[in-house]
Structure formats: C-alpha cells, structure tokens
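Structure first, then comments.
If you read the sequence from its start, that first residue is 1, and numbering goes on from there. Keep in mind that what you see is a predicted model, and the values were worked out from it rather than measured. All heavy atoms count here, side chains included; hydrogens, waters and symmetry mates do not.
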Amino acid sequence: MAKGSISVDSENLFPIIKKWLYSDKDIFLRELVSNACDAVTKLKKLAGIGEAEIDGDVPFKITVRVDKKNKQLIVSDNGIGMTEEEIDKYINQIAFSGASDFLAKYKEEENEGAQIIGHFGLGFYSAFMVSDSVEIDSLSYKEGSVPAKWVCDGTMEFDMSEGERAERGTTITLNIAEDSEEFLDEFKIREILHKYCAFLPTEIYLENAEDDEKEDSGDKKDGEKDEPKPINNTQPLWMKKPSECTDEEYKEFYRNVFMDFNEPLFWIHLNVDFPFNLKGILYFPKINMEFAGQEGQIKLYNNQVFVADNVKEVIPEFLMLLKGVIDCPDLPLNVSRSFLQNDGYVKKISAHITKKVADKLTGIFSSDRQSYEKYWDDINIFIKYGCIRDEKFYEKIKDVIIFKTTGGKYVTLDEYLEGKDKKEVYYVSDAKLQSQYIKLFEEQGLEAVELPTIMDTHFISFMEMKNAEVKFKRIDSVLSETAEENAGDEEKNKALVEKFKNRINDESLKIEAQALKNADIPAVMLLGEESRRMQEMYRSYGQQMAGMADMFKDEFTLVINTNNDLIQKLDTLPEEDAELVMDQVYDLAKISHSPLPADEMTKFIERSNMLLKKAIV
C-alpha cells in the first residue's frame, strides 16, 4: 500500500472547490460523466490507430448507479482505465489535465468524431462538493496492468493500493455527505443527466440499487423489469449533415428538446468546420406580437455536453427570441464550463451565427417570398429588434424588411414609396381604433402600413435615422392628402373655429376648419407625431422613465369638416341645440382617436340620448 500527500500549493483548495469552483452544485455529475465519456473516446481513438485492442462484441457504456441504502452514487465506465501511476499523475497532482495530455500526444492522428470533452483537470474534484469521501477503482487497458484503488476523504490525505476491479475501465464511488442526500434520489439524478448529458456520444444507463433488491427478493412481478434503455441520444440531429436530415426529424427534435408542440416556422442548420468548429440548429418559433416578456431558449453545448442556456457572449442578444442548440468544442470556457471568457474568438463565433441567420432570411425572401410574407407576422419583431441591436445584421437584411399594409399586402420600403412625390410612410398603430382614418385614406386610394407593437415605436425612429429622407407619420397626425384644395369661405371658417373654441374652452387644443373629401365625417382629431412618439418611447422604458413622458404635452388638433351637412347647418340651430351638437362632434372626434375617460363617456351617452329624443320629436 502506498500513502502520500496530494501535490497542491494551498491546503484550502477543497473548501474552495466545494463552495466556489462551480456555479451549480449538480454540475459534479456532468463532470464525472463527461470524464467517463472521455475514457471511452480515448480507447476508441487508440483502437482506431492500432494502439489498443477491444472486443467489438462488448458495447461501450457508462453506468450511473444510485444506492440510497448505502448512501452512495457510483459512476462507472468501460473505457481506457488508469494505472496507479496515471492516478498519481492525473488525480494527485491537481489541475494536471489527462485530456490535455492525451490530445497533445495524439493530435496528429486522424479520427473524425472522436472529440475529447475535458480540458481542465479539476472536473473530478467536483465530486467532493457532495461527498464525504470518494473512491476510484480502475483497471487500465494496457496488457498486464494491475487494478488500482484510490480513496480520499476530502482532506489533503489519500490512500492508494492495489484494487479488485477485474474489467477494464473506471468506477468512481461517491459516499454522499449528509447535506447532499438529495443526490440519492433517482429522479433527481435522472433530471441532472437529462439536463447535461442527454446527447453524450456514449450510452448512459441509470440504475437503482433498490430495483436489484426487489428482483433478488422476488418482489417484482413478472414482466415488470424492462430491457434497460440508455437515457441519452448518442447521435443528436445537429451532429448530422443537413442533407441527411428530414423535415420531420427537425420537427421531432424541436418537440423533444423544447417541449413545444407548435411547429417551428423554419430552421437553420449550422455546420461549420473552418475557421472554427461549430454545429447547431436554430429554430424560428411562433412569436407573440407583444415583445415584452418574450424569450426563447438556445442551449449551448461543448462536445455534446450541455453548458448553459442563453449565453449572451456566444448568442447575440436579439437571437434570444429563437430556440435552438449550438455546439462549439472550441469555446474558451473557464474551469466550471459555465461562463465564457470574453475574447475575440467568441465574438467571431457570434458574428458568424448572425451572418447565417441573415443569409437564411434573405434566401427565403429571394426564393420563396410568399412563405416569407406568411412568416412575417411572427418574425418581424425579432428582425426589427435585431436591426436596432446589430448594425451588421441590419445591413445584411435591410432590403428584405417588409411592411404589412392596411389592405393586407406586404411591401418593402422602396415598394411603398414607389411613385410618391413625398418620402412619407403613413402607418397605423391600432387598426380598429384608427379605422375612421384608414377609411379616409382608402377612399383616396391610399394605404398605410401596420406598426402595432411597442417595438415599432423604436423601429420607426431607427428607420428614419437610417433613411434620412424618409419620414413616418401616424395616420391620425396628418390630413393633407385627404383635404380639398378649396377650403371654402375663409371668414366663415374663422367664425366656425371661434364658435368651437368658445364652446370647448381648452387653450391647449388647436382647432382648424377644412373641407375634407369625405363629407360624412363632421370632425377628426389629429395628434402631433413628434410629441406622441416621444411619450410612447419614454413610457416603453418602464416606470423609471414614465415621468419624462409628461414633459411632452399632447398636441391635439381638432379639424372641423366644412363639407359636412351637420356642420354647415350649425348656424341655423337654436343656441342650446348647437352647443349639444358641438359637444357631440368633439366627443365623437375624440372617440375615433382613443377611448373616453369614464366620466366623459357617461356625459357622452346622456347627450346621445338627448339628441335621439330631439330627433323623433
């Protein structure tokens, strides 16, 4: 038996490992299973270059065994195994990475698909986060090797002796600490394995010692024990070539991984070998029109090992509305694999993902515009947000930004402006509420575009900044296109305006008289574009900025239609009736713009009833 001290500079290393090394306690199982997978991969690679012999009839596998009675969690593999000398080198000398050593030795050998996961040398020691003591039983693949056993109780002392393992591979036994007994629950372990190891390239089996006891005692009924099945998929879809995948496989993978039974709109299969290794699938799900609260789920993998959800260093923020998986073995991870170092390499990966998304969108627009238009209602918020957040993304897709018109057509900015003298884009933010204004436009053969979301408030300003000659105007902010050239008798119009001013008695309200082409409407309310837009923008930032909105007063203009019969007969009515009519016209104009407050609505209903009585008397 050999005894010794682990070679490390600080005797406080284990408390650091237990408390601070890993961001999530359950990561210990990911590290141990990843190491086991590496052990299998190494042996396959050696066999592939003729440096090891393996029995092809014995399948490679990893077994995770829960033994609640003995308070043990056991991870076992039939991979490369270790000699006593290798345990001393790779375990006792902390941070000496066996994976790095192996890669350095065999980096010239070609063996596609045999990727080594580990890079750090500290993954094994995560076991002490949940254990009072840890045991290693290992037998190397090398001919004539003697089994080795290593035991450590989390102090700086260890025992190493000849072991009893008879089959090639390694078994790690964790004697679970009292404060970590949650990891003796089979369902908890299954959940962790599913989260981190669902796509590892070696089959993983989960066993429960209680099931064996039931079988041995005869408690299990006939047929109760099924054939064991691996808990992971060793060939995830993203590892295949796009040409090898069917639409149904993409949809099934989406349903299984994201538990979303709504079909994705479309997807992008990433398969890059140079200048970096990157694979993955990005799905465009159906996105609700309201942007607030929306977030997708993009899972980041490193050699098929789950690292984290929605890592913004790799995935551009605006792509977080998507769902998908990204697998990049070359990512510069820190020791816990949970965070990325912020360097130029990561930025290149992020830029490439952005480019592929832009290429996909422009490709659909060019080859199948009908489908692109069909997707637009679901993807436009994502695209607009991406344009605002990423200059390069905007430059790539600016020509495929389309707008839905009030007539139901989809047009690009150039198509909308074609043939127009003024570079003005009229839009509606609420088609129902602004239906009267839409009708005015349609009667003149004009169309507005629909921009109904909070995101559109920001997008409009962004588009004006990028296209200096273009101005966006909400349909209720201007009537120049719908007014007659001859406004009528100037003196009469002046008197009419004065009459309404005296009745309404609101100094902040501008009142004008125009001859509108539509004679059915007695008056319309206009709201200044700039002040309204600033108010909306500040309010969209939340409560902390809502007060700023009050600095921009609403600039309302009441436009009285001198072509309307009722307005023309106003002077012939008794004063009391004329006042009722003016109040009613004013409220109708306000209602066509926005709902009335409760007290004003009550007065409006009472007044409407009075007018109806007068009409039938």
So that I can tick it off, tell me whether E600 and K590 are bridged by a salt bridge, with the cut-off set at under 4.0 angstrom between side-chain N and carboxylate O.
yes
If the condition is side chain to side chain contact (heavy atoms under 4.5 Å, CB included), which residues does S350 pass it with, not counting sequence neighbours?
P316
Ion pair E391/K466, N-O distance below 4.0 Å:
yes
How close do L278 and C328 get, counting heavy atoms only, and between which atoms?
CD1-CB, 3.9 Å
Is the shortest side-chain heavy-atom distance between L433 and P595 below 4.5 Å?
yes
Under 3.5 Å side-chain donor-acceptor pair for D26 and Y196:
yes
When Y372, Y250, Y375 are each screened for ring-ring contact (aromatic ring centres under 6.0 Å, His included) with F266, the one that passes is Y375
Is there a side chain to side chain contact (heavy atoms under 4.5 Å, CB included) between N561 and Q514? Walk through the geometry before answering.
CA-CA 5 Å; N561 185 7; Q514 290 188 36; over 6 Å; no
For Y394, does the six-membered ring have the charged nitrogen or CZ of K392 within the cation-pi criterion, i.e. under 6.0 angstrom from the centroid and within 45° of the normal?
no
Does this structure show an ion pair linking D247 with K251, if we count only N-O contacts that are shorter than 4.0 Å?
no
Would you say that I511 contacts V559 through its side chain, given a criterion of any heavy-atom pair below 4.5 Å between the two side chains?
no
For N380 and D377, indicate whether the former's side chain and the latter's backbone hold a donor-acceptor pair under 3.5 Å.
yes
Is atom CZ of F187 surrounded by more than 12 heavy atoms (other residues, nucleotides or ligands) closer than 6.0 Å?
no
For residues 229-242, pull every pair meeting side-chain hydrogen bond (donor to acceptor under 3.5 Å, both in side chains), keeping only residues two or more places apart or in separate chains.
W238-D327
Taking the cut-offs as 6.0 angstrom to the six-membered ring centre and 45 degrees off its axis, would you call K299 and F306 a cation-pi pair?
yes
Could you tell me which non-hydrogen atom of P522 sits nearest to which non-hydrogen atom of I567, and how far apart they are?
O-CG1, 3.7 Å
Euclidean distance, L566 CG relative to M582 CE, rounded to 0.5 Å
11.0 Å
Under 3.5 Å, side chain of E447 to main-chain N/O of G407, donor-acceptor pair present?
yes
Quick check: F403 with Y416 (ring centres under 6.0 Å apart)?
no
Rounded to the nearest 0.5 angstrom, the CD-OG1 distance for Q304 and T202 is 9.0 Å
Could you tell me whether the side chain of E450 and the main chain of T406 form a donor-acceptor pair under 3.5 Å?
no
Distance alone, cut at 3.5 Å: any donor-acceptor contact between the side chains of T412 and D414?
no
So does E469 pair up with K423, basic N to acidic O under 4.0 Å?
no
If you count heavy atoms of other groups shown closer than 6.0 angstrom to CD of E248, is the number above 12?
yes
Could you tell me whether a side-chain N or O of T362 sits under 3.5 Å from a main-chain N or O of D359, the two making a donor and an acceptor?
yes
Between E249 and T246, is any pair of side-chain heavy atoms under 4.5 Å apart?
yes
Nearest 0.5 Å, please: how far is CG in L265 from NZ in K374?
8.5 Å
Output yes when R369 and E415 qualify as a salt bridge under the 4.0 Å nitrogen-oxygen rule, no when they do not.
yes
Aromatic ring pairing Y283/F258, orientation class (parallel under 30°, perpendicular over 60°, tilted between):
perpendicular
Which value, rounded to the nearest 0.5 Å, describes the distance between F28 atom CZ and R30 atom CZ?
12.0 Å
Main-chain N/O of M463 paired with N467 side-chain donor or acceptor, under 3.5 Å
yes
Is the shortest side-chain heavy-atom distance between Y586 and I591 below 4.5 Å?
no
Y254 OH to I281 CD1 distance, which is reported to the nearest 0.5 Å
12.5 Å
So, applying side chain to side chain contact (heavy atoms under 4.5 Å, CB included) with F199, which one of V257, L237, N303 is it?
V257
Roughly how far apart are I379 CD1 and I381 CD1, rounded to 0.5 Å?
11.0 Å
Do D456 and T453 have side-chain N/O donor and acceptor atoms under 3.5 Å apart?
yes
4.5 Å side-chain heavy-atom contact, I388 and M455:
yes
Could you pull out all residues at least two apart from S608 that satisfy side chain to side chain donor-acceptor pair (under 3.5 Å)?
Q584
Can K279 and D273 be counted as an ion pair, charged N to O under 4.0 angstrom?
yes
What one should report as the nearest heavy-atom pair of L361 and F382 is CD1-CE2, 4.0 Å
Apply the test side chain to side chain contact (heavy atoms under 4.5 Å, CB included) to residues M601 and F604: give CA-CA distance (whole Å), side-chain angles for both, the deciding distance (0.1 Å), then the verdict.
CA-CA 5 Å; M601 179 56 75; F604 174 77; 4.0 Å; yes
For I326 and I315, work out which heavy atoms get closest and say how close.
CG1-CD1, 3.6 Å
Show the numbers, then the answer: is there a side chain to side chain contact (heavy atoms under 4.5 Å, CB included) between C387 and F462?
CA-CA 9 Å; C387 289; F462 172 82; 3.8 Å; yes
Of all heavy-atom pairs linking D260 and N262, the shortest is OD1-N, 2.9 Å
How about CE on M259, more than 12 heavy atoms from neighbouring residues, nucleotides or ligands closer than 6.0 Å, or not?
no
For Q370, does the CD atom sit with more than 12 other heavy atoms under 6.0 Å from it, leaving out its own atoms?
no
Do D309 side-chain atoms and Q297 backbone N/O form a donor-acceptor pair below 3.5 Å?
no
Do you know which two heavy atoms are closest between L558 and A589, and how far apart they sit?
CD1-CB, 3.6 Å
Determine yes or no for a side-chain-to-main-chain donor-acceptor pair under 3.5 angstrom, with S435 supplying the side chain and A431 the backbone.
no
Is any side-chain heavy atom of L440 closer than 4.5 Å to one of I475?
no
Please report the C-alpha distance between H352 and K356 in whole Å, then the side-chain angles of each, then the deciding distance to 0.1 Å, and finally whether the side chain to side chain contact (heavy atoms under 4.5 Å, CB included) criterion is met.
CA-CA 6 Å; H352 181 80; K356 296 299 288 185; 3.6 Å; yes
Please examine the side chains of V524 and Q436, heavy atoms only from C-beta on, and report whether any two atoms are closer than 4.5 Å.
yes
Answer yes when R389 and E317 have at least one side-chain N-carboxylate O distance shorter than 4.0 Å, and no when they do not.
yes
Can you tell whether the side chains of K286 and E263 come within less than 4.0 Å, N to carboxylate O?
no
With a 4.5 Å limit on heavy-atom distance, are the side chains of K471 and E464 in contact?
yes
Can you see whether Y385 engages D390 through a side-chain donor-acceptor pair at a distance of less than 3.5 angstrom?
no
Pair D587 + R607: basic N to acidic O under 4.0 Å:
yes
For the pair F441 and Y426, name the ring-plane relationship: parallel under 30°, tilted 30 to 60°, perpendicular over 60°.
perpendicular
